[in-house]
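None of the values given here were measured: they were computed from a predicted structure.
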Amino acid sequence: MKKSGKNGTGVYFLGLDSSTQAIKAALIDSNLNVVHEQAVNFDKELPEFKTQGGAHLHSDGLTVTSPPLMWVAALECLLQKMQDDKCPLDRIAAVSGSGQQHGSVWLRKGARLTLNGLVAEKSLRDQLTDVFSVADSPIWMDSSTGEQCRALEKALGGAQAVANLTGSRAYERFTGNQIAKIYQNRPSEYAATERICLVSSFLASLLIGDYAPIDTSDGSGMNLMDIRKKKWASAALKQTAPALEAKLGEIVPGHTVVGKMHAFYRRKFGFNPDCIVIACSGDNPCSLAGMRLQRTGDIAISLGTSDTLFGSLAKPKPSASEGHIFANPVEPKAYMAMVVRKNGSLTRERVRDEAAGKSWDKFAKILLDTPPGNNGLIGFYVDQPEITPPIMKTGVYRFDAKGKKLGKFPVGADVRAVVESQFLSLRLHGDNIGLKPSAILATGGASANEGILKVIADVFGAPVCVGEQPNSGAIGAAYRAMHGWECRKAEKFIPFADVLADAPPFRKAMEPDRAAHAVYTKMLKQYEKLEKKVVAEN
Ligand code: XUL
C-alpha cells in the first residue's frame, strides 16, 4: 500500500454509498488505490427491519418505502466493521457519500438538536429512533404519485415546461411529487417536519451531526430545482407544498465542504478530529464521478437494482418524453444526462432463477450460446412498474418475430430476451436525449458477467470497458471527497480531472461484433414498435 502521492501524503479518503440494498464503503489512498471495501446488506444483516431488497413493497403494487432508521443502523454497523478490520480511520482526511436518488428522509422538529448532541456512549440507532416525522421513507422505486405529477405539469404549463425548468418532466419517484403526496395525505406529519433530506444529504447530516445541504446534482432529481440557475424553482415549490423552502434548506455544488465529522465518530470509531465532510450526492452522479466521464461520447452503464445509462453534457436538452438532465456533480458549469430503467438486477435475477438454475455462470453461458437477436423474439420483463418506458402494469410481455403475443418462450430464450430488451431500451431512449456512445464503461454487480457485457457491446456497437471494482458509487464518493478536500486546500475550484490525473485506466473487456450490431440496429425498429404497443396497453 503506497502512502504518499500528489494529493496529500499518507492520508486517505472515504466514500460511503447508502444504496437500495446495502450500504458500502470504499477507502482510497492518496494515489487513488482502493485499499479497503466493506458493505452491510440490509436484508441479511438487519433482518429486524423486514425489508426485501432493502425496501417494503406495499400491497397497492405502487408504493415502495424503506425505514430510515435502518440506514442509520447500517452506517454504524459498517463503521464498526471497518474499525474491526483495522482501517486507518484516524488518517482519513475527508469523507463523502452517495445515496440512492430521490428517497426522502423526514426529520421532526428538534431533530437538529438531537444530531448536534450525539454521544459516543449510546448507539446512533438508539439516539435517533424518535427523530423521524415519517417513519417510512418513500424511495426511488415508488410510483404512487401519478396524480401529483399530473398536477405539477398542469400548474407549470405541461410536461415540456416542467422538463425545461427542472431537467425532467414530472416523474413519480422524484422527491417533489412524493413531498406533495405526503403533504396532501398526511398534513400533520408534514407540519411536524423541520427538515426534508434526500438519502444523500441525510447521510451527510449523520456524519456532521447537523442538517447538511442538498447538493445540486442530487437536487436535480426532485422536480424542484431550476436546472440552469441551480436554485430552488419557486413555481415548483409553490405547487408542491407550503413553506417548503425552509424545510429543504440550502442547495450547494457537489464539492462543497459541509462540515467536520461530529465528535461522536472520533470518540466511537477513532476518526481524525480534522476530518471534513464533502456534500454527499446521488448514486448516479457519484458513479459519473467514479467512472471519470468527462468527454461527450464517454457513456457509462451502471447495472444495479436499477440499470442506468449516463454521460456528461455541456448544454442541457431536457425531454418531455424520457430521461433526465442533472447538474454535474464535479463540474459546476456542466450537466449530466441519464436514462433509468427500474427493472434491472432483481429482474435479471428472477429470470436467472427460473431459466438458468439460479446460476450466473449458466446465465452467461446461455447468452454466449444463443444467437444475437434471439431469432426475432422480444420480451418486456416488468416485475416492478417500469420508468423507461412507462409501463405501470407488471408482468411479462412476450412477442414472436412477427409481433404476435406469446405466452411462453422456448427454454433459454427468456434469458436472452430480458437482457436484450433492457439494453435495446437504453439505446433507444439514450439516443433520444443525445447519449450516443463511442465507448462504454460498465459498472455494478452485473458488469462482471461476460454474457451481459457482450450483449451491451453488440447492442450499442461500442467497446465496453470495466473498472477493476464494480463499486462505482462508493469509489465516486471517495474521489469526490478527495476533490472537495483539494479545492478546500487550494481555496479555489480545481478541475476534477486534475485531481484524478493519475487514476488507473479502465480495462477493455469486450469489443462489439459488427454483424451482431447490425442485427440489433434492425431489431431496434421492431422493438420500438412493440414498446409503443405495450405502453399504449397500460
Ligand atoms: C435514478 C434512480 C435510480 C436510483 C437507484 O433516477 O431512480 O437509479 O438512484 O439507487
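Taking the charged nitrogens against the carboxylate oxygens, K525 and E528 have no contact shorter than 4.0 Å, which rules out a salt bridge. A salt bridge does not link R292 to D298: none of the charged nitrogens lies less than 4.0 Å from a carboxylate oxygen. A salt bridge is defined here as a Lys NZ or Arg NE, NH1 or NH2 lying under 4.0 Å from an Asp or Glu carboxylate O, and E45 with K81 meets this definition.
Across all their heavy atoms, S98 and C286 have their closest contact at CB-SG, 3.5 Å. Shortest non-hydrogen contact noted between S438 and A462 is O-CB, 3.9 Å. Scanning both residues, G484 and V257, for their nearest heavy atoms gives O-CG2, 4.5 Å. For the residue pair G99 and S200, the shortest heavy atom distance occurs at N-CB, 4.1 Å. Shortest non-hydrogen contact noted between E76 and F269 is O-CZ, 3.9 Å. Here the closest non-hydrogen pair linking A289 and V330 is CB-CG1, 4.0 Å.
Here the side chains of V534 and F399 are in contact, with some heavy-atom distance below 4.5 Å. Annotation: side chain of V415 is not in contact with side chain of R352 (no heavy-atom distance under 4.5 Å). Residues V340 and Y171 form no side-chain contact, since every pair of their non-hydrogen atoms from C-beta on lies 4.5 Å or further apart. Under the 4.5 Å side-chain criterion, counting only non-hydrogen atoms from C-beta, F506 is not in contact with V466. Counting heavy atoms from C-beta outward, L207 and V95 have side chains that approach closer than 4.5 Å. Contact of the I28 side chain with the M482 side chain is registered, since non-hydrogen atoms from C-beta on lie closer than 4.5 Å. Between Q101 and N284 the shortest side-chain heavy-atom distance falls below 4.5 Å. Counting heavy atoms from C-beta on, the side chains of L309 and L435 come closer than 4.5 Å.
A cation-pi arrangement is present between R398 and F409, with the terminal nitrogen or guanidinium carbon under 6.0 Å from the aromatic centre and inside a 45° cone about the axis. The cationic group of K454 does not satisfy the cation-pi geometry with Y520, failing either the under 6.0 Å distance to the six-membered ring centre or the 45° limit from the ring axis.
With sequence neighbours excluded, no residue forms a salt bridge (Lys or Arg N to Asp or Glu O under 4.0 Å) with R169.
Between the side chain of S312 and the backbone N or O of L293 there is at least one donor-acceptor pair closer than 3.5 Å. A donor-acceptor pair is defined here as one N or O able to donate and one able to accept, closer than 3.5 Å; no such pair exists between the side chain of T51 and the backbone of G53. Judged by distance alone, with hydrogens and angles left aside, the side-chain atoms of H517 form a donor-acceptor pair with the main-chain N or O of V459 at under 3.5 Å. At least one donor-acceptor pair closer than 3.5 Å links the side chain of S345 to the backbone N or O of G304. The backbone N or O of G290 sits nowhere less than 3.5 Å from a side-chain atom of S287 that would complete a donor-acceptor pair. Judged purely by atom type and a 3.5 angstrom limit, R480 uses its side chain to pair as donor or acceptor with the backbone of G254. Checked by atom type and distance alone, the side chain of D513 never pairs as donor or acceptor with a backbone atom of D458 at under 3.5 Å.
Every pair passing salt bridge (charged side-chain N to carboxylate O under 4.0 Å, His left out) that includes a residue from residues 324-344 is listed here, sequence neighbours excluded: R341-E386. Sorted by first then second residue, the ring-ring contact (aromatic ring centres under 6.0 Å, His included) pairs that include residues 347-376, not counting sequence neighbours, are W360-F363.
You'll find the ring centres of Y527 and F380 inside the 6.0 Å limit. Checked against the 6.0 Å centroid threshold, F13 and W485 count as a close aromatic pair. The distance between the ring centers of H324 and Y335 does not fall below 6.0 angstrom.
Paired with L206 under the rule side-chain contact (heavy atoms from CB on, under 4.5 Å), one option of V277, L16, V105, L75 passes, and it is L75.
Inspection of the S281 and D218 side chains reveals no N or O donor paired with an N or O acceptor under 3.5 Å.
A distance of 11.0 Å separates NZ of K508 from CG of L441, quoted to the nearest 0.5 Å. Note that CG of L79 is 7.0 Å distant from CG of L89, once rounded to the nearest 0.5 Å.
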| query | How far apart are the C-alpha atoms of D383 and R350, what are their side-chain angles, what is the distance that settles it, and do they pass the salt bridge (charged side-chain N to carboxylate O under 4.0 Å, His left out) test? | reply | CA-CA 9 Å; D383 289 13; R350 201 259 308 150; 2.8 Å; yes

| request: Before giving the answer on ring-ring contact (aromatic ring centres under 6.0 Å, His included), spell out for H483 and F493 the whole-Å C-alpha distance, their side-chain angles and the decisive distance to 0.1 Å. | output: CA-CA 9 Å; H483 180 223; F493 181 78; 5.3 Å; yes

